[in-house]
Amino acid sequence: EDIAIMRAIPNIKVFAPCDVWEAKRVTYEISKVVGPCYVRYAREKTTVFTTEETPFEIGKAQTFFKPIAGKPDVAIIVTGGLVSNALIAARELEKEKIGVTVINIATIKPLDTKAVIRAAEEAGALVTVEEHQLHGGLGSLIAETIAEHHPVPIEFVAVRDQFGQSGTLSELIEHYGLGVTGIKDAVKRVLQRKKQGSTL
């Protein structure tokens, strides 16, 4: 629930780095910020796929995966430790001839609104992925943004109004439908809605 709580506070900056190197860069950048910042770190070890040289800028999204050719069929917008799952899902979907863009949102607030709108315009369908409650989290933020600027079909991979429980990280990710299969299923659902011309 922490992203929902913190992003509602005026003038605060909210971050969710995807791995250890991005966490290091976020920590360095916020040391130069005058004002409150909140950083959401993963509890467990996460897959490392950025490097010390991977660029990071407060308020800027990063595209980590693009279709080999042409426009994407769908854009996955993801934050935090589930970026690696989104990348695996994108590679598997590519084998099924589904073009996917994966956009990493390390800065949740201020959101890179231009990048989100551009993704909606290019793909025409979005899937948000987060290890957080759906209500008030990244999915809600993206939905607010595209509703105002460029409505397209959107699906959400998130915890849906449930309390957490004990278990290993991998067990809980699968239990709440946040794994690779859950992401792929959400992509296929949103593509079906896109074909039907739905923005609901």
What residue among Ile142, Ile154, Val102 forms side-chain contact (heavy atoms from CB on, under 4.5 Å) with Ile77?
Ile142
Taking C-beta and beyond as the side chain, do Val100 and Glu94 meet within less than 4.5 Å on heavy atoms?
no
Find the distance between CZ (Phe15) and CD1 (Ile3) and round it off to the nearest 0.5 Å.
12.5 Å
Report yes if some heavy atom in the side chain of Val152 is under 4.5 Å from a heavy atom in the side chain of His150; otherwise report no.
yes
Are Ile117 and Leu126 connected in the hydrophobic side-chain network, where two residues link if heavy atoms are under 4.5 Å apart?
no
I'd like to check the ring pair (Phe, Tyr, Trp, His ring centres under 6.0 Å) partners of Tyr41; sequence neighbours left out, ordered by chain and number.
none
Which residues satisfy the salt bridge (Lys or Arg N to Asp or Glu O under 4.0 Å) test with Lys24, sequence neighbours excluded?
Glu52
Is there a path of hydrophobic side-chain contacts, each under 4.5 Å between heavy atoms of I/L/V/M/F/W/Y residues, joining Val26 to Val33?
yes
Could you check if a side-chain atom of Lys13 sits within less than 4.5 angstrom of a side-chain atom of Pro110, using non-hydrogen atoms only?
yes
Kindly indicate, with the supporting measurements, whether the criterion side chain to side chain contact (heavy atoms under 4.5 Å, CB included) is fulfilled by Glu96 and Lys188.
CA-CA 11 Å; Glu96 300 178 38; Lys188 291 174 182 179; 2.9 Å; yes
Polar contact flag, side-chain donor to acceptor under 3.5 angstrom, Glu22-Asn104
yes
Does Lys32 have more than 12 heavy atoms from other residues, nucleotides or ligands lying within 6.0 Å of its NZ?
yes
Spacing of CG belonging to Leu111 relative to CD1 belonging to Ile105, to within rounding of 0.5 Å:
5.5 Å
Taking all heavy atoms of Ala16 and all of Thr79, pick out the closest pair and write down the distance.
CB-OG1, 3.3 Å
Checking salt bridge (charged side-chain N to carboxylate O under 4.0 Å, His left out) for the pair Glu144/Arg7: CA distance, chi angles, key distance, verdict?
CA-CA 13 Å; Glu144 293 164 16; Arg7 80 176 183 92; 3.0 Å; yes
Once you round to the nearest 0.5 Å, how far does CZ of Arg118 lie from CD1 of Ile103?
7.5 Å
Ion pair check, Arg189 and Glu155, cut-off under 4.0 Å
yes
Mind checking the CD1-CG spacing from Ile173 to Leu178? Nearest 0.5 Å is all I need.
5.0 Å
For Glu1, look at atom CD and say whether over 12 heavy atoms of other residues, nucleotides or ligands are found less than 6.0 Å away.
no
Rounding to 0.5 Å, atoms CD1 (Ile183) and CG (Leu87) come to a distance of 9.0 Å
Phe56: what forms a ring pair (Phe, Tyr, Trp, His ring centres under 6.0 Å) with it, not counting sequence neighbours?
none
When you measure from the side chain of Thr101 to the backbone N and O of Ala75, does any donor-acceptor pair fall under 3.5 Å?
no
Side-chain donor or acceptor of Gln62 paired with backbone N/O of Pro55 under 3.5 Å
yes
Determine, using the 4.5 Å side-chain heavy-atom cutoff (strictly less than), whether Val78 and Ile98 are members of one ILVMFWY cluster.
yes
